[in-house]
Amino acid sequence: AQSVTQLDSHVSVSEGTPVLLRCNYSSSYSPSLFWYVQHPNKGLQLLLKYTSAATLVKGINGFEAEFKKSETSFHLTKPSAHMSDAAEYFCVVRAGYSSASKIIFGSGTRLSIRP
Amino acid sequence: DAGVIQSPRHEVTEMGQEVTLRCKPISGHDYLFWYRQTMMRGLELLIYFNNNVPIDDSGMPEDRFSAKMPNASFSTLKIQPSEPRDSAVYFCASSLRPDAEAFFGQGTRLTVV
């Protein structure tokens with residue numbers, strides 16, 4: 001079985017300061033992990049993905065995430081927040097070695113940026 | 001490719017009516033997913049298909065919901081009869097491989113009055 005837990009439902013940072021959105025996962029198999037972003041009243045856009053290659057993954061818009069197997073974590077970071085980063089962020093897990101490969105979303109973290 | 005295409009974008013219907021949501025996945029993608037998003041419950045996986053075969057429908061809330069995938073390029077999600085609590089945004093997504101990311105459509109915003 002697989003699951004994903006986003007530890008914060010809401011994070012608020014000042015523009016120009018670092019962003020940290022936390023995610024822990026559980027999976028019976030070696031997982032693929034993803035972060036998606038959803039701006040208000042918009043669809044879901046892939047930010048970055050980990051699929052068993054390099055553990056530090058770079059994504060779009062300056063975001064990064066590090067896969068830490070020992071901690072079962074996949075936290076999302078950005079060195080300097082921008083107003084346009086305000087959105088909902090979803091951590092996603094997928095155990096993908098068979099036809100039974102569902103995609104499970106975390107509950108989401110709403111990121112607010114203070115001017 | 002135009003991406004995952006969903007129709008309609010918006011649907012307003014009266015309680016008790018039948019509603020059909022449609023999805024065209026990206027060509028060549030073997031997996032298709034239906035999700036429902038609400039403020040209260042977040043993003044819920046309803047059902048997913050592999051090579052047109054339903055693999056897991058444990059997320060389908062009730063017998064009023066049904067999904068089909070008659071061929072590799074088309075899927076439907078039907079609600080009959082619809083109820084106000086079915087109001088939500090319904091997303092369709094597709095992916096190429098069992099370890100790959102999913103590409104999402106723009107969603108269908110369903111309002112049942």
Side-chain angles (χ1 to χ4, degrees), chain A residues 1-10 23 25 27-53 57 59-60 63 65 67 74 87-110, chain B residues 2-7 9-10 21 23 25-26 29-60 67 69 88-111:
Chain A
Q2 58 208 69
S3 65
V4 60
T5 302
Q6 292 185 243
L7 298 163
D8 308 291
S9 60
H10 182 213
C23 172
Y25 71 91
S27 178
S28 304
Y29 303 97
S30 295
S32 297
L33 294 159
F34 312 90
W35 277 97
Y36 283 80
V37 60
Q38 185 178 32
H39 288 91
N41 298 312
K42 299 291 186 182
L44 290 138
Q45 180 185 17
L46 180 71
L47 268 182
L48 51 78
K49 61 182 179 181
Y50 166 78
T51 55
S52 75
V57 180
I60 61 172
F63 284 94
F67 173 71
F74 190 58
E88 188 91 13
Y89 291 80
F90 294 94
C91 183
V92 177
V93 64
R94 186 175 194 187
Y97 290 105
S98 72
S99 63
S101 176
K102 62 172 69 175
I103 298 177
I104 303 298
F105 276 73
S107 54
T109 299
R110 183 165 59 92
Chain B
V4 176
I5 300 173
Q6 291 186 247
S7 64
R9 291 293 308 277
H10 301 273
L21 311 182
C23 175
I26 294 172
H29 281 195
D30 291 337
Y31 291 83
L32 184 139
F33 303 83
W34 281 101
Y35 288 87
R36 177 173 69 177
Q37 186 176 37
T38 60
M39 289 291 292
M40 292 296 294
R41 303 171 79 98
L43 268 161
E44 302 173 277
L45 175 63
L46 300 177
I47 186 172
Y48 76 100
F49 296 83
N50 176 224
N51 291 323
N52 314 336
V53 176
I55 301 300
D56 186 341
D57 64 355
S58 60
M60 297 285 263
M69 193 164 185
V89 179
Y90 291 80
F91 286 102
C92 176
S94 69
S95 75
L96 184 60
R97 302 185 311 270
D99 62 341
E101 68 271 32
F103 294 84
F104 282 77
Q106 289 299 299
T108 295
R109 183 174 295 277
L110 173 65
T111 303

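All chains are named by letter (A, B, ...) in the order of the sequence lines, taking the proteins before the strands, and each is independently numbered beginning at 1. This one's a predicted model, so the numbers in the text were calculated from it and none came from an experiment.
Heavy atoms closer than 4.5 Å to chain A are found in the side chain of B:R109, but not in its backbone. Contacts between A:T51 and chain B at a heavy-atom distance below 4.5 Å involve the side chain alone, from C-beta outward. For a residue to count as touching a neighbouring chain, one of its non-hydrogen atoms must lie under 4.5 Å from one of that chain's; by this rule A:I103 touches chain B with backbone and side chain alike.
Of all heavy-atom pairs between B:G107 and B:V89, the closest is CA-CG1, 4.2 Å.
Across A:Q45, A:K49, A:E88, A:K42, the residue that shares the most heavy-atom pairs under 4.5 angstrom with chain B is A:K49. Comparing B:L43, B:D56, B:D30 by heavy-atom pairs within less than 4.5 Å of chain A, the highest count is held by B:L43. Chosen from B:R97, B:Q106, B:R41, the residue pairing most often with chain A at heavy-atom distances under 4.5 Å is B:R97.
Taking 4.5 Å as the limit, every side-chain heavy atom of B:Q37 sits out of range of all side-chain heavy atoms of A:F105. Side-chain contact between A:F67 and A:V57 is absent, with no heavy-atom pair separated by less than 4.5 Å. Counting only heavy atoms from C-beta outward, the side chains of A:K102 and B:S58 approach each other to under 4.5 Å.
Ring geometry, B:F104 versus B:Y35: the interplanar angle falls from 30° to 60°, so the pair is classed tilted.
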